[in-house]
2 protein chains.
Amino acid sequence: MPTIKDVARAANCSTATVSRALANPEKVSDATRQRVAQAVAEVGYSLNAAARNLRRSESRTIVVILPDIANPFFSEVISGLESVAHQAGYQVLLGDAGHNPERVKSYFNLVPSNQADGIILLTTEVPKALVKERQADSGFPLVVACEYFDNLSLPTIHIDNEQAANRATEYLVSLGHRAIATLSGPGGNPICKDRLAGYRRGLADAGIETRPEWILEGDFSFHSGYEQGRILLQGGSQRPTAIFCQNDEMAIGVLKAARDLEIRVPEQLSVVGFDDIGFSQYCEPELTTVHQPRQAIGRTAMKLLLDILKDRNVPFDQTLKTQLIVRGSTGRAPGA
Amino acid sequence: MPTIKDVARAANCSTATVSRALANPEKVSDATRQRVAQAVAEVGYSLNAAARNLRRSESRTIVVILPDIANPFFSEVISGLESVAHQAGYQVLLGDAGHNPERVKSYFNLVPSNQADGIILLTTEVPKALVKERQADSGFPLVVACEYFDNLSLPTIHIDNEQAANRATEYLVSLGHRAIATLSGPGGNPICKDRLAGYRRGLADAGIETRPEWILEGDFSFHSGYEQGRILLQGGSQRPTAIFCQNDEMAIGVLKAARDLEIRVPEQLSVVGFDDIGFSQYCEPELTTVHQPRQAIGRTAMKLLLDILKDRNVPFDQTLKTQLIVRGSTGRAPGA
DNA sequence: CTGAAAGCGCTTACAG
DNA sequence: CTGAAAGCGCTTACAG
């Protein structure tokens with residue numbers, strides 16, 4: 001591989017000048033700049049990033065840690081993250097945590113090892129100690145998005161999960177439903193607790209008592225939605241007329257369970273999801289769901305991290321707006 | 001950040017010894033190894049990867065270029081790629097091409113700039129010149145998977161697209177269908193041409209003439225499946241009784257078009273997809289489709305690339321097996 | 001088994 | 001506007 005020395009020789013100048021011509025063209029005369037450009041082409045030079053990173057002690061790389069690359073929720077968040085990063089001259093390294101704490105640890109280690117300048121965390125399924133030592137005052141460039149940690153001080157981009165879940169529940173109430181079940185995500189997750197709280201408040205405000213057997217927990221997968229949906233729909237004396245699911249995949253699993261049990265949606269059962277993934281418009285019936293501004297979440301999170309890296313004074317956390325999208329999976333309660 | 005010097009001081013030895021203790025523990029005495037380990041913990045050392053990369057001129061990073069991160073087909077391929085890479089001590093940098101040739105160029109540039117050791121290409125939507133100069137004999141470590149380039153000599157992992165499409169078509173014929181349409185992916189893509197060829201051969205072998213108006217092209221999205229599905233299903237004098245789609249998302253779009261037009265699947269229309277994405281079991285009805293061994297494709301591709309990097313003698317390209325999965329979206333032809 | 005020393009390819013403060 | 005030189009933090013061939 002040709003190095004900066006080869007370019008300098010070909011351009012008949014020093015390596016310092018080549019470096020300047022490439023990184024700060026305005027610090028160099030027109031003639032020199034042109035000679036260098038030509039020499040670069042001539043010898044087929046490309047800058048050795050390892051050397052630059054070592055010298056500058058920065059990598060212009062941001063690591064984004066995902067819980068699971070297969071989750072369709074994240075694709076648009078990533079697209080938002082990447083657009084801002086690339087514009088600012090940063091690359092994005094996507095790290096799939098794959099429910100593996102060791103892997104997460106090794107992604108975090110990319111920062112002290114000078115392979116990444118900062119981290120965006122899209123999951124809270126990480127060793128707690130790892131994050132505790134890296135709160136805002138530690139100087140570790142870390143931004144959390146989509147989810148958040150209880151009782152930790154970390155810059156975070158999120159939505160108002162309690163409010164969004166509450167609106168969804170209120171909407172079901174407004175359709176005359178009173179037998180409203182819910183399917184939560186993993187119970188330890190703060191956003192799941194918030195969504196559950198929003199559901200509870202929605203029922204309480206309508207004077208409806210919650211039933212423990214109508215509050216089930218899944219793991220955000222199609223499959224768990226299907227399994228828990230079957231339990232809700234064929235168990236016990238009374239059947240719910242509506243189910244609020246904490247994400248779209250589980251809601252789509254519930255739709256399938258209803259189909260298997262020959263329960264018609266929305267005539268006999270209303271189903272609401274959360275996220276508005278692309279697929280929610282292609283299931284049968286189309287899914288009523290809470291739309292999250294996923295692009296914007298990604299863009300805002302990356303902006304925040306880049307601002308932190310530049311030591312700019314930035315808003316510590318930001319809450320973005322959601323919107324309930326009404327489609328075919330919800331209707332008036334039977335007999336209402 | 002503490003450096004190797006700080007560790008050497010704390011362990012009362014040279015930096016060379018520290019380096020050895022960390023990278024080749026067997027080259028160092030037990031006592032020294034322990035002193036170094038303790039010193040590392042004491043000063044909170046972590047190796048500067050930029051310095052190591054510069055010195056070794058390798059990055060232990062593989063870049064995987066995806067056409068579009070939102071495409072659910074790739075998640076499992078990636079998981080296969082990552083598992084092999086991590087085991088071998090490599091990281092994976094996922095690059096979203098986003099239909100942007102400039103971005104692809106910059107990903108390729110990571111290799112000469114010493115930020116990546118090799119590239120795995122999961123799309124052929126890249127500037128042709130970029131690949132032409134990097135064929136097998138160029139020494140550029142590049143492996144293509146899932147897709148391939150016509151007339152270029154590049155190590156490739158793929159399936160037999162012609163055969164898989166042919167089997168799917170034969171299956172429809174065996175159900176008594178003779179009015180079989182197809183929905184292709186982007187026509188310039190070699191794998192799409194192969195699948196189309198398999199379809200044509202299936203019809204020819206059954207003595208059925210192809211009809212140009214029954215060979216439509218989409219872009220692999222839900223939406224294009226829906227649009228083209230409507231055209232196939234409401235156009236002209238005769239309606240096809242079966243549609244073979246070149247991926248699952250388009251097939252799911254076709255299912256929706258059929259629903260809108262009140263055409264019952266599979267009673268009045270059979271639909272076959274390709275890929276077997278997770279969603280194909282949760283649409284209504286469940287999709288008959290060609291299963292691709294996505295994990296295995298990923299694993300095999302990464303193994304091949306790592307072998308190439310180690311200069312091992314390796315099979316140049318490998319074809320993995322597919323399987324037709326019969327589900328609820330196909331049935332006997334009406335009146336057959 | 002260990003150390004002194006060279007060198008990977010850049011960038012940048014300093015001097016002119 | 002340009003160059004000489006130091007130095008970023010490692011690894012490794014060489015010598016002992």
Side-chain angles (χ1 to χ4, degrees), chain A residues 1-40 43-61 89 91 109-117, chain B residues 1-40 43-61 89 91 109-117:
Chain A
M1 282 274 100
T3 73
I4 199 171
K5 274 192 191 172
D6 302 306
V7 180
R9 199 175 304 119
N12 197 23
C13 65
S14 72
T15 59
T17 298
V18 174
S19 178
R20 281 186 210 106
L22 262 26
N24 309 92
E26 74 283 1
K27 289 191 179 170
V28 132
S29 77
D30 277 9
T32 310
R33 198 181 315 139
Q34 280 176 29
R35 261 187 304 129
V36 169
Q38 208 182 324
V40 164
V43 304
Y45 171 70
S46 77
L47 187 142
N48 184 320
R52 168 182 278 184
N53 292 349
L54 173 58
R55 190 43 233 243
R56 288 195 175 166
S57 54
E58 64 164 23
S59 62
R60 303 222 135 223
T61 297
Q91 336 178 45
N109 195 44
L110 293 171
V111 171
S113 76
N114 200 13
Q115 292 179 96
D117 295 346
Chain B
M1 283 274 100
T3 73
I4 199 170
K5 274 193 191 172
D6 302 307
V7 178
R9 199 176 304 121
N12 198 22
C13 68
S14 73
T15 60
T17 298
V18 174
S19 178
R20 281 187 211 104
L22 264 25
N24 307 92
E26 75 283 0
K27 290 193 180 171
V28 131
S29 77
D30 277 9
T32 311
R33 200 182 314 138
Q34 279 175 31
R35 263 187 303 128
V36 169
Q38 206 182 326
V40 164
V43 305
Y45 171 70
S46 77
L47 187 143
N48 185 321
R52 166 180 281 183
N53 292 350
L54 172 57
R55 190 42 231 246
R56 290 194 173 164
S57 54
E58 64 164 23
S59 62
R60 303 223 134 222
T61 298
Q91 333 178 45
N109 194 45
L110 293 171
V111 172
S113 76
N114 198 16
Q115 292 178 96
D117 295 346

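Every value quoted in this text rests on a predicted model; they were computed, and no experiment measured them. Below, chain A is the first sequence line, B the second, and so on; all start at residue 1.
- As judged by a 4.0 angstrom heavy-atom cut-off over every strand, A/K5 is placed among residues making no nucleic acid contact.
- Between A/I4 atom CD1 and D/dG7 atom P the separation is 19 Å, expressed in whole Å.
- In the set D/dT2, D/dC8, C/dC8, C/dC8 carries the atom at the smallest distance from any side-chain atom of B/R55.
- Listed nucleotides: C/dG3, C/dC1, C/dC10. Nearest to the side chain of A/Y45: C/dC10.
- B/N48 places its CG atom 13 Å from the C1' atom of D/dT11, with the value rounded to the nearest Å.
- For D/dG16 and D/dT12, the C1' atoms lie 16 Å apart once the distance is rounded to whole Å.
- A sub-4.0 Å separation between OP1 or OP2 of D/dG3 and a side-chain N or O of A/T17 is present.
- Distances were taken from every side-chain heavy atom of A/L54 (C-beta onward) to each of D/dG9, C/dA5, C/dT11; the shortest belongs to D/dG9.
- One atom, CD of A/E58, and another, P of D/dC8, lie 17 Å apart when rounded to the nearest Å.
- Note: NZ (B/K27) to C1' (D/dC14) measures 13 Å, nearest angstrom.
- Side-chain atoms of A/R20 come within donor-acceptor range of the base of D/dG3, with a qualifying N/O pair under 3.5 Å.
- In this structure, the CG atom of A/N53 is 16 Å from the P atom of D/dC8, given to the nearest Å.
- Nearest to the side-chain atoms of A/V28 among the listed nucleotides C/dT12, D/dT2, C/dG9 stands D/dT2.
- Rounding to the nearest 0.5 Å gives a distance of 10.5 Å between OG1 of A/T3 and CG of A/L47.
- Base pairing of D/dG3 is made with C/dC14, judged by Watson-Crick or G-U wobble geometry with both donor-acceptor distances under 3.5 Å.
- Residues A/N114 and A/E58 approach most closely at OD1-N, 3.6 Å, considering heavy atoms.
- To the nearest angstrom, P of D/dC8 lies 16 Å from CE of B/M1.
- When distances run from any side-chain atom of A/S29 to the nucleotides C/dG9, D/dC1, D/dA5, the shortest one goes to D/dC1.
- When each of A/A16 and B/A50 is assigned the nucleotide of DNA chain D with its nearest heavy atom, A/A16 is the one assigned upstream, toward the 5' end.
- Between A/V28 and A/V36 the shortest side-chain heavy-atom distance does not fall below 4.5 Å.
- Taking CG of A/D117 as the start and CG of A/N53 as the end, the distance is 8.0 Å to the nearest 0.5 Å.
- Summarising the geometry, the separation between CG on A/L47 and P on C/dC8 is reported as 16 Å, rounded to the nearest angstrom.
- The CZ-P distance, from B/R56 to D/dC8, rounds to 21 Å in whole Å.
- Listed nucleotides: D/dC10, C/dC10, D/dG3. Nearest to the side chain of A/R52: C/dC10.
- Rounding to the nearest 0.5 Å places CZ of B/R33 at 11.5 Å from CG of B/L22.
- Checking D/dG9, D/dG3, C/dC10 against every side-chain atom of A/A51, the shortest atom distance belongs to C/dC10.
- The line from OG of B/S29 to CZ of B/R35 is 7.0 Å long, rounded to the nearest 0.5 Å.
- In this structure, B/T3 reaches the sugar-phosphate backbone alone: every heavy-atom distance under 4.0 Å involves primed, P, OP1 or OP2 atoms, never a base.
- Each of B/R35 and B/T15 has a nearest nucleotide on DNA chain C; the 5'-most of these lies closest to B/R35.
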